Amino acid sequence: MSTTTKLIFGCGYLGQRVAERWKNSGHRVTIITRSAERAQEFRRTGYEAIVADITKSESLRQLPKAETVLYSVGYDRKSTTPGSSIEEVYAGGVRHVLAALDSNVSRFIYISTTGVYGAGDGDWVDETTPTDPQRDGGRASLAAEQLLAASSLKTRGVILRLAGLYGPGRVPFLDELHRGEPIPAISTGYLNLIYVDDAADVVVAAAKFDPKDFLTTNPGPRIYCASDGHPVERGEYYSEVARQIGMPPPSFIAPNPNSPRAQRAASSRRISNERMLNELRVTLAYPDYRCGLTASLGA
């Protein structure tokens, strides 16, 4: 088998930016994708690519050796293996990948979510806050975290609980705001965000640091809440989007109560990024939503 230094499962909005950083730093990067077409696209741009399906363990038998593994798989009902549940993609996928990896992996980075926490009441949350996921995505992500914590790679693992990713091409309700239409969102409660390029820098930093420096009496994956550390109320956020595109402040209508967006809006918490800043020593290029929106909308 060939040798590679970086292996990426889930090379989408975040993963592609991480791959680019690693490639530009001179690392060999191999991307695992279900799509033969996407594999060809990755190869044309200088990556190695393998067609495999994380929900099918037999497809992962020939993984190359890797120094660093990034598991950044999202759940998309339109592109995920038909019939696969979010539990099978997150926890099941991590289980299959961990079983298939060479034992010499020095770093396994799992992209989790702040959805592993409870509903909150506007309280501040950090890595020591008890988990209490309220939605399927949070429960599946927590199950994946627990699989990593029980694996042989636990002391070489890093869990990044990401706040909401945003950036170019990912600003919700932009079309409605341009048209001056009411947006189907709740205006109250806190949003926790991180600009996608800052999130990619956090991943790169997590691949470099030595978690042994921070092992406790209960060694396991080192957990970081990855956010910009500046929560914003939802109404204020969408008003700023409208202001930056030259439109009046938005009006709001109640979203479908059964929609994922409404379920997410039922939570209101403020995510602290103190451990991330202190230990990973990243400097955020977009430390609050205003400058991040300026970059997003300008792009």
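Just so we're clear, the structure is a prediction, and the values are computed from it rather than from any experiment.
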Donor-acceptor pair, side chain of [X] and main chain of [Y], under 3.5 angstrom:
X	Y	answer
Ser151	Leu153	yes
Arg243	Pro248	no
Tyr110	Ser72	no
Gln244	Val241	no
His230	Pro287	yes
Asp228	Ile194	no
Arg38	Ala49	no
Arg107	Ala206	yes
Arg139	Gln134	yes
Asp198	Tyr286	yes

Hey, are the side chains of [X] and [Y] touching, using non-hydrogen atoms and a 4.5 Å cut-off?
X	Y	answer
Lys154	Leu148	no
Arg222	Glu279	yes
Phe42	Ser35	no
Val158	Val203	no
Val202	Leu162	no
Glu176	Ile183	yes

Residues Leu7, Phe9; criterion side chain to side chain contact (heavy atoms under 4.5 Å, CB included); working and verdict:
CA-CA 7 Å; Leu7 188 60; Phe9 295 84; 3.8 Å; yes
Would Glu67 and Thr5 satisfy side-chain hydrogen bond (donor to acceptor under 3.5 Å, both in side chains), going step by step from the backbone distance to the final call?
CA-CA 5 Å; Glu67 173 194 55; Thr5 56; 5.1 Å; no
Full working for side-chain hydrogen bond (donor to acceptor under 3.5 Å, both in side chains) between Glu233 and Thr188:
CA-CA 6 Å; Glu233 288 201 351; Thr188 58; over 6 Å; no
Over 12 foreign heavy atoms within 6.0 Å of [atom1], [X]:
X	atom1	value
Glu41	CD	yes
Lys23	NZ	yes
Arg179	CZ	yes
Glu58	CD	yes

Approximate separation, where rounding is to 0.5 Å, of [X] [atom1] and [Y] [atom2]:
X	Y	atom1	atom2	result
Lys208	Arg281	NZ	CZ	13.0 Å
Tyr224	Met276	OH	CE	10.5 Å
Ile50	Leu60	CD1	CG	9.5 Å
Tyr195	Asp201	OH	CG	11.5 Å
Asp288	Leu193	CG	CG	10.0 Å
Tyr238	Phe252	OH	CZ	7.5 Å

Might you point out which heavy atoms bring [X] and [Y] nearest each other, and give the distance in Å?
X	Y	result
Asn273	Ser227	ND2-O, 3.0 Å
Val116	Ser112	CG1-OG, 3.9 Å
Gly138	Thr113	CA-CG2, 4.4 Å
His96	Thr55	CE1-O, 3.4 Å
Val51	Ala36	CG2-CA, 3.8 Å
Thr68	Ile109	CG2-CD1, 4.3 Å

Test side chain to side chain contact (heavy atoms under 4.5 Å, CB included) on Glu240 and Tyr237 and set out the steps.
CA-CA 5 Å; Glu240 178 64 14; Tyr237 173 81; 5.9 Å; no
Audit row: Tyr75, Glu87, side chain to side chain contact (heavy atoms under 4.5 Å, CB included) steps and yes/no
CA-CA 9 Å; Tyr75 184 71; Glu87 172 78 18; over 6 Å; no
Are [X] and [Y] linked, directly or through other ILVMFWY residues, by side chains that come within less than 4.5 angstrom of each other?
X	Y	value
Ile271	Tyr166	no
Leu160	Val125	no
Leu191	Trp124	no
Leu14	Leu280	yes
Trp22	Ile111	yes

Answer yes or no for Arg17 and Tyr13: cation-pi contact, defined as NZ/CZ to six-membered ring centre under 6.0 Å and angle to ring axis within 45°.
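Here Arg17 passes the 6.0 Å and 45° test against Tyr13.
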Hey, is [X] close enough to [Y] for a salt bridge, meaning N to O under 4.0 Å?
X	Y	result
Asp121	Arg269	no
Glu145	Arg161	yes
Arg290	Glu236	yes

Worked check of side chain to side chain contact (heavy atoms under 4.5 Å, CB included) between Tyr190 and Ser267:
CA-CA 8 Å; Tyr190 285 102; Ser267 298; over 6 Å; no
Does any donor atom in the side chain of Arg28 or Tyr47 lie under 3.5 Å from an acceptor atom in the other side chain?
no
What class does the angle between the rings of Tyr71 and Phe108 fall in, given that below 30° is parallel, 30 to 60° is tilted and above 60° is perpendicular?
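It falls in the parallel class, under 30°.
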